[in-house]
Amino acid sequence: MSSTAQLKIFRGDRNGGAMVDYEVPRTPGMVVLDAVHVVQATQAPDLAVRWNCKAGKCGSCSAEVNGKPKLTCMERMDKYPEGTAISIRPMKTFPVIKDLVTDVSWNYAVNKKIPPFKIKEGERKYYQYEADRVQEFRKCIECFLCQNICHVLREHQLKQEFAGPRFLVRVAGLEMHPLDTEDRTELIKDAMGVGFCNITKCCTEVCPESIQITDNAIIPLKERVADRYYDPIRWIARKVFGGNDSRQ
Amino acid sequence: MEQAASSLPPPARFGATDRKDNWWAAPLTVLIALSAFGVYATFRVVQNAWYAIDDTASAHILSPFYSPLIIWDGMPRWLSPGMLILWAPAGFRLTCYYYRKAYYRAFFLDPPACGVGEPRRNNYLGERGILILQNVHRYFLYLALGFIVILTWDVIKAMMWPDGFGVSVATLILLLNTVFLGLYTFSCHSLRHLVGGRIDCFSCAAMGQARHKAWKGVSKLNSSHMRWAWISLFTVMLADFYVWMVSSGVITDFRFF
């Protein structure tokens, strides 16, 4: 006799909804998204779920499984003991469109505020060891799990003031690029609101690409903002010796 | 299909979550550990006694809570030498990026754990507002680097016995403590920024190769910053406790050679 899995899946839209119980057979290698698809195929054809690659690379199938943000296509069902229902909710930070599908368009609006890469004039040569640091940030698949779990956005709803970890990662990738000449320090401090981050590292904990978001992106950006705005010795040095916060 | 009485979003109240794990265990452990350390350190500094093994048959062994020892004639009795120096390492830890995470979660519940509801509060400012002062961390780093030099000198003095070179349990504990405090200090995020993190183009920068190596080295240590933070917190307390026990006559320091 095959075993079964109990699921509680959110059904509803931005006006409200409820957790609905389903039961599906467990199969070897099954992931949470598979179980949702079984529900969709056999019990609830109107169940909305966003997915695409089923390989953990497109970032479409983000949801909250037992309260933790996960890519449902990578979350194996055998992690969860039989006999206990698995709750599957849409990402809390974003408005629900239907069931497990959320409206993440706010992220794209934030992205547009970031000045693009501005390449330096003259010789354009750099080395792999210099590229290593920014290549980590290029692993981001924009699943927005970090945005979802960030308590500044999730609990305090400061979407107007704080850009969120995903975009601090993106701007870190630009700022630390050896050939980029754009200065985004003021943007990071003001429009992106890096000071709202209290570095509690939830973004790092949930990143499916294991990007060290807090240690390698956000804290270095905070230090750069401190160089420019909160370090009196550097301020005096700039006044005496001139120049700006040269990053060379 | 059965409808359960639940709606979205989960109610925004303290502790609200779908998490099934013991999410409260980590913040509770941090709360207890840091509180215990705070109480111990405060007591020892106020106690103003038993902070050095200083008898004529032993090397001079000083508790890290009282190093460097600052005493002058006419010093008020209520003023402990520990009070004069402990604010610096305390400031280094309080403004440390790791400890900030730890105590924001454990003491301020902001958030208590990932994906867990916070106590209701308005006007969240993060590290703007008064907490903008956390940016002073780099200055505490400069002081902490000085303390590593002083504590290293303490270890050397702990090997200088009246009859020549010697090593006791106290010497080894001071050495262990200095090593772990060193690992904690040299894995600091601000140091990582200072030695090379602020550079974008290492191949264009003066001494770029050396600074890149320094940055890589600090980065490697930095990946275990939390581990060094906790181990060094334990070893500094152990070192002080051992000196207290020996200097008060409760135990005898065993000399290996």
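All values below come from the heavy atoms of this structure, side chains included, with hydrogens, waters and symmetry mates left out. Labels below follow one simple rule: chain letters A, B, ... track the order of the sequence lines, proteins then strands, and each chain is numbered from 1. All of these numbers come straight from a predicted model, not from anything done at the bench.
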Under a 4.5 Å heavy-atom cutoff, which of [options] has the most pairs with chain A?
options: B/H189, B/R19, B/H193; value: B/H193
options: B/K101, B/K20, B/R100; value: B/K101
options: B/Q209, B/H137, B/Q134, B/H225; value: B/Q209

Measuring heavy-atom distances to chain B, does A/F162 have an atom under 4.5 Å in its side chain, in its backbone, in both, or in neither? neither
Would you mind checking which part of A/A131 comes under 4.5 Å of any heavy atom in chain B, side chain (CB onward), backbone (N, CA, C, O), both or neither?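 Answer is neither: A/A131 stays 4.5 Å or more from chain B.
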Quick check on [X] against chain A: is it the side chain, the backbone, both or neither that has a heavy atom closer than 4.5 Å?
X: B/F108; answer: neither
X: B/V116; answer: backbone
X: B/D110; answer: both
X: B/L194; answer: side chain
X: B/L133; answer: neither

What are the two closest heavy atoms between [X] and [Y], and how far apart are they?
X: B/N135; Y: A/Y230; result: ND2-CD1, 3.2 Å
X: B/Y104; Y: A/N198; result: CD1-O, 3.2 Å
X: A/T200; Y: B/P111; result: OG1-CD, 3.5 Å
X: B/Y97; Y: A/I199; result: CD2-CD1, 3.3 Å

Under-4.0 Å salt bridge between [X] and [Y]:
X: B/R192; Y: A/D215; value: no
X: B/D200; Y: A/R224; value: yes
X: B/R138; Y: A/E223; value: yes

Are the side chain of B/Y124 and the backbone N or O of A/F196 linked by a donor-acceptor pair below 3.5 Å?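 Present.
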With distance as the sole test, does A/E130 use its side chain to make a donor-acceptor pair with the main-chain N or O of B/S203 at under 3.5 Å? yes
Say you draw a straight line from CG of A/D231 to OG of B/S190; how long is it, rounded to the nearest 0.5 Å?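 A/D231 CG to B/S190 OG: 9.5 Å, rounded to 0.5 Å.
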Heavy-atom distance under 4.5 Å between the side chains of A/R133 and B/F202, does that happen here? yes
